[in-house]
Every structure is written in structure tokens, then in C-alpha cells.
Amino acid sequence: MGLLRYTAIRALMIIPTVLILYTLVFIVLRVLPGNPVLAALGTKNIPEEQLQALMRELGLDKPLYVQYFDYLVNFIKGDMGKSMIIRGRPIASDIVDKLPATLELSIWSIIFSLIIGVGLGYLGARARSDRVKAIIRLTGSIVFVIFIPALGLSLQLLFSKYLGLLPTGGRLSTTGYFKPITGIYTLDALLRLDIPVFIDALKHIVLPALTLGLVISGPYMRLTLNNMEEIMESKMIEAYRARGVRDSKILRHAFRHVLVPVTTYTGLQFSLLMGGAVLTETTFNWPGIGTYLVDKVMYRDYTAIQAVIIIFAIIVGLTSLIVDILYALIDPRVRY
Amino acid sequence: MEVLTVNDLWVKYYTISGIVSAVSGVSFKLRKSEMLAIVGESGSGKSTLGLALLNMVPKPGRIERGEVILDGVNILKSSPREIMKIRGSRISMVFQDPFTTLDPLRKIVDQFEEFLIEHGVDKTRARSIIKEYLEAVGLPERVMYSYPHQLSGGQKQRVSIAMAIALNPQVVVADEPTTALDVIVQKQIMDLVDSIKEKYKSSIVLITHDLALALERADTVMVMYGGNIMEYAGKTELYGNMKHPYTRGLFEALPRILQKTLPKSLPGNPPDLRYPPPGCVFHPRCEFAMEKCKSEKPPLIEVSKDHIVACHLYG
Amino acid sequence: MMRAQSIFTILKNKYISTGLIIVLVFVFMAILADIISLYSPVDPAGPPLQPPSRDYFMGTDNLGRDVFSRIVYGSRIMLMIVAIAVAMSGAIGTMLGLISGYLGGLLDRVLSFIMDSIYAFPSLILAISLSVALGASPINAAIAIAVVYVPTYFRMVRGQVLSIKNETYIEMAKALGLPSIRIVLKHILPHVTRTLMVVFSMNSADAILTEAALSFMGLTVQPPTPDWGFDLYKGRGFILLGYWWIMLFPGLSIPLLAVGFALISEGVSTLITARKR
Ligand SMILES: Nc1ncnc2c1ncn2[C@@H]1O[C@H](COP(=O)(O)OP(=O)(O)OP(=O)(O)O)[C@@H](O)[C@H]1O
Ligand code: SF4
Ligand SMILES: [Mg+2]
């Protein structure tokens, strides 16, 4: 009951955030000087008449405030406008196409980053030597500033070219015979109990997700190490010991306390993950919303760019909502 | 009959800035269902001594020397496995701050049950023990299903006490169990501790900085200063026949209801235990200090039966 | 009086000194590019796709240009964009944070909400869109990066201002009738500068990665201008053919420079926590 209300209120709070970003992007893309159509066509040599017709088709002839609200209303109805480049192509269907790939990449990256980051941080906290701790802390900072394309390409070189173990790009080796359900292929393959496709999908996602996961694992290392150390020195742990509770159990309880900041951080981290996803997708030819954005950027397809940004804003908002709910579930002290 | 004997116990903390001599050569005996109060100012080594009784001095501390004999067994020599079994079942501890000692992420029943199961109690039996002891400390049964943050400080401390006595240990060490609570609750908790002593015949080591509380509640009082025993005596003997300058200083610093003048506060600060003063550790603050006190450590002297003092004035 | 000594303790910190060395090497490279590089960065220096050798010790690219010379000149673009971006966002963010935190009220709430929204949004994606809107050029890339990082400074400075504002001595200064601008500068700035140091160096590391990403997408320079991110992008296709050197060196330079700044940030923050203890 309480949780439901809390969720509803938090969900409503996403709206103003999305609106602000929409407004910002609208201002930047539409209000700033320059005719978007001309920029998109990449030429000024088109007859005035034709230009006007194009503007009318895209609704760009109306006053700015009308454009602003029209777009919003249409967006809520699920119409994200039409591409400026590929005439008449609805952007919404493109996004529905590409979004699952990005979600799949994000989910696997988070899984990898948690395993690597929380794992190493935990080992660091358990390590006796201060040197090991310092090395893990430093690794946490350094890993964080790796340039994704550089790491991605190196991994490709190693695992694809020299070892020949993994594919260099794409989501599946053979398309056509596999019918997706959610669009998240590893999940779909499991749902269809299709093990060969699952393994194939996994082989394709490993390198991109490892690249992105490694980069964002840095903060988890530090967070886990520092929190675990602090908790192990707390009165609570002393009290557990005084009651004769086994060390292995105590560690488990301490670890639960580490999950609280880790969860919070995952929410904060998500926008970083999304930015990283754009680069990872480009590096690995992963057909997600990130490559879509870069593609549209290259052609200056403003309507599509605008839509993608709003979608990202919504994703970020939704993630922070999910994280808040998870947080409330882990920590009974959270009031909602 | 003694349930606990401590012989010549030494504890040091090896910190980066120096070696802290937190407990220096403490010995005492605790009889069945006796309440011993350990009194002293902050930093006198009370908590360290309390933890040493469970052989759980935290890093960077080390027990250097001595014996803690519980029921005929020196637990400082026990294996890690054995000591885990002993803690919580034969000697248990209640900590100062009930707000930080219970795990905020787990229900009381889960923490309690886990502890009992660790000590070999089966699940159904555990449930009935939990109910029995929550009732014994005056808590309603529904507290079981609460999270710590849903309880008041006093209730949390009652839960800690319930866990400390649930397996009927010979000794309960209570380290300032009421300091974090407000005055009315303090009295209730101390009454509870008293009743436990009567009902379960447990021996209790009450650690406190409050001499008045010690004189009111304990059977025996041990006054500590700078990691050393200053004076040790039965309550009535000590009250009527206070010997050590430090004990008297503490006593005079107590606020008194019928007294018009302000209590005399003890001048000076406790010593830096990285560099304990030579001779009598109290000499820099002692108004009776003699030349001898600066160089020679006063031995523990039995001034009357079961009344021990470490002071050159009685040598 | 303690200046000389404190500079010594700062340099004694291993993180800071290592970081400084890395950053300074690149800075000198950028300044002395004309002297250091052996060839022109834009004209062919020899046959294409030569592996590293004594003549071209980072090899040549597909157009026969010397990779080392392109790395050397590339540091110029990178450092210039990052310096402009960080200086701009630092100045604007700090100023807005000071004003917003000090004045409070509606202005503060509106500004904070806008800044929080931008902060929560993926910075790279925002930077990409801004660069597109402004048009691909080094200075526009710098502006785009600057806008994206304004909230970082704003939030930090505003938070500090609020906490210091609540301390009584500011109240006392107010009671004595000091003009508000002077109160702000005199009491608040010194507190802020220390934290600003950490944020500044960490932010520089971030900005380098963002710049590289924008370049990687062709949003900063036009060919044939040498630029690490863009060279990496172009070298991408060649790596699987075995011409690893085209990509390796820009690919190493970017994180190395970022690590330099990250180390400085790490060092400064350990110094600050050490002092607090
Ligand atoms: N974990 C530790 N590391 C280093 N030194 C410690 C540690 N715990 C205690 N000490 C030092 O040991 C000495 C005794 O401390 P202890 O906590 O036992 O005193 P106490 O009498 O319980 O004081 P309080 O009334 O403040 O609880 C003090 O000088 C203290 O600084
Ligand atoms: S031994 Fe000396 S210094 Fe110590 S308490 Fe007695 S008189 Fe005072
Ligand atoms: Mg204590």
C-alpha cells in the first residue's frame, strides 16, 4: 500500500525532469539560428517553394510555441514525428526496433560491472594487506577513465582477430530463423528454450558488455571496499561477534549493508552507462538506440535526435524510480 | 565459588602513533550471581577489559599476557571454534549503544534466531526461547517481528539484554548499558539487570563511569584508572571506607541532592596511555603525591578483608 | 609562511606527482609540437601503413602520414578544447552556484531543478546533441562540453555555500552589516577552493573522454586536422586487418592523459581527508 503510493508519486516526479530536458533540447535544436531542414539536406540550393513545402510537411512553419506543444501532445500519443531524412519514416517504430538492443547491452553491462566491481571491492576489503587495498582503490579510479572505443577495439583485436573466439559485431550470427519476443535476444532465447541461439547471442554480447561493464565497474570497487571496511569495524559487527555468530554469516550480513549504497549508486551510474552505451554500440556495431543516435547525428536528423533524447530522459527517470523502489525493499528504514 | 577469574591481564593497542597500554596487569575474581562494577573515567580501559573477557579485543589491540578463566577453562587459550561457542552462550555482552548494535536491515526475530541456531538450538525451540526471553525483559511478543528502527532505545536495549541472557550464560558483561538512554529508561534498564541477576543467578560485570550507579547497584566495585586497578572492595566496605585518592576524587565529584555546594570536579585529564606516567599512573593528578609515587608503582595491598588498594599512602 | 612546505607535501604525494608528470608531458608536447614532431602531421611522410620503425617510430597511417607527429599535434586540439571547456564550466558553474546558494528562494529552487535535470541526464548524449546543434568545430565542442559540466560545479559549490551559510559566523558577518558580495567571497570561496581542486581535476579527466568521444563521432575537427579521437575512429577499420599501430597510439594517449588528471584528483582528495583526520 505505502510502497504503491510512493511509487506513484516518484513516477509523477519523472515528468518535470523530462519536460526540462525536452525544453532544453527544443531550444537548442529549434530556437537557435539555422534552418534545420537546410542543415539536414546539407545544401542551400533548393527552390524556396520546395523548402516551404518540406517545412509544412514537418510542421516547421508554425510558430515555435505551437511546435513545442504539438510535439509534446503527439509524443504522448506515441507519435514521435517523422524522419527528416528518410521521408515519412515514423521515428517511433525505429525506436521500438532499437531500444531492446540497448536495454540488453545495459543489463549485461551492469551484471558484468557488478561482478567485477563489487567482487574486487569485496576481495579488497577482505585482504589483509593495505597494499592490495590501495591497488584496488587505484584500479577503481583508473578503470573509470578508460576510453571505451580504445578498450573495445583492443578486446576485438585480441578475442576476435587473434584468438578467433568471439564475433566482432552484431547481435546474432544468423538472423531470420529466430523470432524475438521482447527483443532482448538472450532473454528471448531462454524463453524459447533455444540454447544454441542463447549461446550465439551471449557470444555477441560478451565483448560489448564486458567493455562497458569494466569501465563502470570502477566506482563499485571503491564503494564496496570503503563501505565493507567501515561496516566490518562497526559496533553492529562487534555485537554479532560477541554473540558467537560465525564469520561467514557475519560477512553475509555486512555485505547486505554494502548493497544499500551499491543500489543507490547504480541509479546515479545509469546516465553514465547510457553515455557509454552510445560509444560501445558504435565501437561494436551494436544496432541499438546509441548507434541510431550517432547515425542521425551524422545526417543532422533533428526530429529523430529530439525523440532519442526524450527517450533517454525517460529511461534515466524510470531507472532512478526502479532504484528507489529496490532501495526501499533492501533497507527497511526507508520511509515511503 | 568463582565463575570467572582474571589473572594479570595486559592489553595493548599497536596504533600508528604509538603503543597504547590500555589494560595493565588487572586481576580479579567474580563469584556466582555477583555483580561487579568496573568504574573509571573515559579512556581508563574499561571497555577494553570487557572485550578481553570475551577474548575479542579488536585490531590493532592484542592481549599480551594473562588468563581469563571461565569455569576452569582459560578462554584466551581456546581455539577460534571453541571461543565462538563460548561467546553468547557462556559469557555474553550488552553494549552501550543499542542504536548501533542491532542490525537495522533485519527483523529482531531473524537476528535472535540466527544467534540461537548458531549455538545449536533447533528452530522450534528457538522460537519458544525468543518468546520467553522477550517476555522476561518486559517486551510484547510482537516486537519479534519489528525492525530495530521501529523500537525505542530502551526497547532495543531490552532486546540486546534478552539475547545476552537467552542461553543462560554464567557471565554477562554490560558495557555502559544505560549511557545512551534517557534517565527514566536508565532506571528501568538497571532494574531489569538487577532482576536478571536474581532470577537467573548470572554474574554480571557492569562497566560504568558512574560511581553512584556502581555503589547503588553492584555487590563489588573495582575502580580503574589508566589501565590499572586503583581500588577494589565490596560495596558497603568501599562506601564506608574509601581509601584511594582517585576513588575519593570520583566520589567528591558526584552531584548530591542534599548538598548546597557544587561538586568538586577532579582536576586534570586522564593520562595519554601511549606514554603512561612512571610510578603511580595517577600521580600527576594526585594531591597526595609523594616523591616515591613518581618512580615506584604502588603494589595492590589488602587493607582489610577483600578490600584492595594500590597506593603508597597505605604501603 | 607554510606555502613552501605545503607545496612540498603536495608533491610528495605519489598520486599527485605521477599525475602531474603525465599531464605536463602532454602539455609540453602540445607547446613544442613544431620541434618534437619529425614530419608534418597532415602530409604524407612516407609509404602508407608502415609498421613502427626507426624512421616512423609509431608507424604511418593509411595515407602515409606519420602517426607520431599526429599524436603530438593531436595533443594541442585535445588540451585546448578541454582547457576551454573546463574553464568555462568551472567559472559559470561556480558563479551560478554561489549566487543560487547565497540568495536562496525561488531562483535557487528553479536553478537547482534545472541543474539537477541536466546532471541526471547522460552527459555524453547531451554533449553530442549540443555539438550537432552548434555545428562541428573545436570551439563548439568546447562549448558543448562546458554546458554539460556546469551542473557538476554548480551542485558542489551550492552545497558548500549552503553548509557554510548555516554556520553562525556568516550570520555574525551579516549582523555587522558587511556587504553581501564581500561575505560570499571572503568566507565562502576559501572553503570552496579545496573541493574545487578535486572536482576540477576529476572533471578534466571526464572532459577528455567526452572530447575524445565527440571527436570519435567527427564532431570536433575536420580532416585532415590531427585529433586523437577522430584518428582512432579512422584507424578502427584497419585494426582487424592487422595495422594495429594506427589505432593503438591514439587509443593509449586518450586514457593516459585522463589517468593523469584522475591521479591528481585522487591525490588531492586523499590529502584533504588526511588533513581532516
Ligand atoms: N580500537 C582501538 N585502537 C586504538 N586504541 C584504542 C582502541 N580502543 C581503545 N583504545 C585506547 O585504549 C584506551 C582505553 O580505551 P577504552 O575504550 O577501553 O576505555 P574506556 O574506559 O572504555 O573509555 P570510555 O568510557 O570512553 O568508553 C584509550 O586510551 C583508547 O584511546
Ligand atoms: S600512590 Fe601516590 S600518587 Fe598514587 S594515588 Fe597514592 S598517593 Fe597518589
Ligand atoms: Mg568504553
Side-chain angles (χ1 to χ4, degrees), chain A residues 1-3 6 118 124-134 224-225 227-264 323-336, chain B residues 16 47 50-51 53-60 80-107 110-120 145-150 156 159-160 163-164 166-167 169 172-175 180:
Chain A
M1 174 59 222
L3 189 62
Y6 172 74
V118 176
R126 300 292 304 135
R128 295 253 162 72
S129 108
D130 285 339
R131 225 208 169 82
V132 173
K133 289 181 206 289
T224 307
L225 204 168
N227 277 282
M228 192 73 191
E229 271 198 321
E230 195 176 297
I231 288 159
M232 285 313 285
E233 280 169 14
S234 71
K235 283 278 161 199
M236 180 190 92
I237 296 302
E238 194 169 54
Y240 270 126
R241 287 224 172 90
R243 262 178 252 143
V245 177
R246 225 173 310 161
D247 276 352
S248 58
K249 287 202 168 166
I250 292 181
L251 283 174
R252 232 175 43 217
H253 301 319
F255 188 66
R256 245 190 102 178
H257 282 254
V258 173
L259 287 185
V260 177
V262 162
T263 310
T264 319
V323 163
D324 280 359
I325 294 171
L326 275 182
Y327 181 48
L329 290 178
I330 295 179
D331 192 337
R333 287 166 297 182
V334 176
R335 292 276 210 72
Y336 32 75
Chain B
I16 302 169
S47 295
L51 289 169
L53 299 182
L54 281 81
N55 192 6
M56 51 179 283
V57 173
K59 275 193 296 184
R81 251 188 118 84
E82 286 163 349
I83 193 71
M84 287 308 237
K85 271 201 212 138
I86 292 169
R87 280 182 206 151
S89 69
R90 288 168 54 200
I91 179 163
S92 65
M93 185 128 184
V94 177
F95 290 93
Q96 168 173 348
D97 189 352
F99 295 86
T100 54
T101 45
L102 292 170
D103 189 336
L105 301 186
R106 303 173 67 211
K107 285 186 180 147
D110 297 332
Q111 306 187 38
F112 209 144
E113 197 175 82
E114 173 191 63
F115 150 62
L116 294 174
I117 288 171
E118 283 289 282
H119 288 286
Y145 303 103
S146 307
Y147 285 100
H149 74 275
Q150 294 165 324
K156 274 185 256 198
V159 171
S160 295
M163 284 202 258
L167 292 173
V172 178
V173 180
D175 188 353

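Note on naming: letters A, B, ... go to the chains in the order of the sequence lines (proteins, then strands), and numbering restarts at 1 for each one. Because the structure is predicted, anything quoted here is derived from the model rather than measured.
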Against chain B, residues from residues 254-261 of chain A with at least one heavy atom under 4.5 Å, in numeric order, are Arg256(A), His257(A), Val260(A)

### Query
How are the rings of His149(B) and Tyr147(B) set to each other: parallel, tilted or perpendicular (split at 30° and 60°)?
parallel

When the 4.5 angstrom heavy-atom criterion is applied to Leu54(B) and chain A, the contacting part is side chain

Taking the side chain as every heavy atom from C-beta outward, state whether Gln111(B) and Val159(B) have any pair of such atoms under 4.5 Å apart. no

Value for CG (Leu51(B)) from CG (Asp175(B)), rounded to nearest 0.5 Å, stands at 7.0 Å

Rounding to 0.5 Å, atoms CD (Glu113(B)) and NZ (Lys107(B)) come to a distance of 12.0 Å

Bottom line for Leu167(B): the part with an atom under 4.5 Å from chain A's heavy atoms is neither

dist Ile231(A):CD1 -> Asp103(B):CG (nearest 0.5 Å) comes out at 9.5 Å

Thr264(A) meets the side-chain contact (heavy atoms from CB on, under 4.5 Å) criterion, sequence neighbours left out, with Tyr327(A)

Interface check, chain B: of Glu238(A), Lys249(A), Arg241(A), Lys235(A), most non-hydrogen pairs under 4.5 Å belong to Glu238(A)

Answer key: most heavy-atom pairs under 4.5 Å with chain B among Gly244(A), Ser234(A), Ala239(A) is Gly244(A)

Interface check, chain A: of Leu105(B), Asp97(B), Thr100(B), most non-hydrogen pairs under 4.5 Å belong to Leu105(B)

d(Ile325(A) CD1, Thr263(A) OG1) to nearest 0.5 Å is 12.5 Å

Assert top hit (heavy-atom pairs under 4.5 Å, partner chain A, pool His119(B), Gln96(B), Lys59(B), Glu114(B)) equals Glu114(B)

In this structure, CE of Met93(B) is separated from CZ of Arg87(B) (nearest 0.5 Å) by 11.0 Å

I'd like to check Leu102(B) versus Met163(B) (side-chain heavy atoms, cut-off strictly below 4.5 Å). Are they in contact? yes

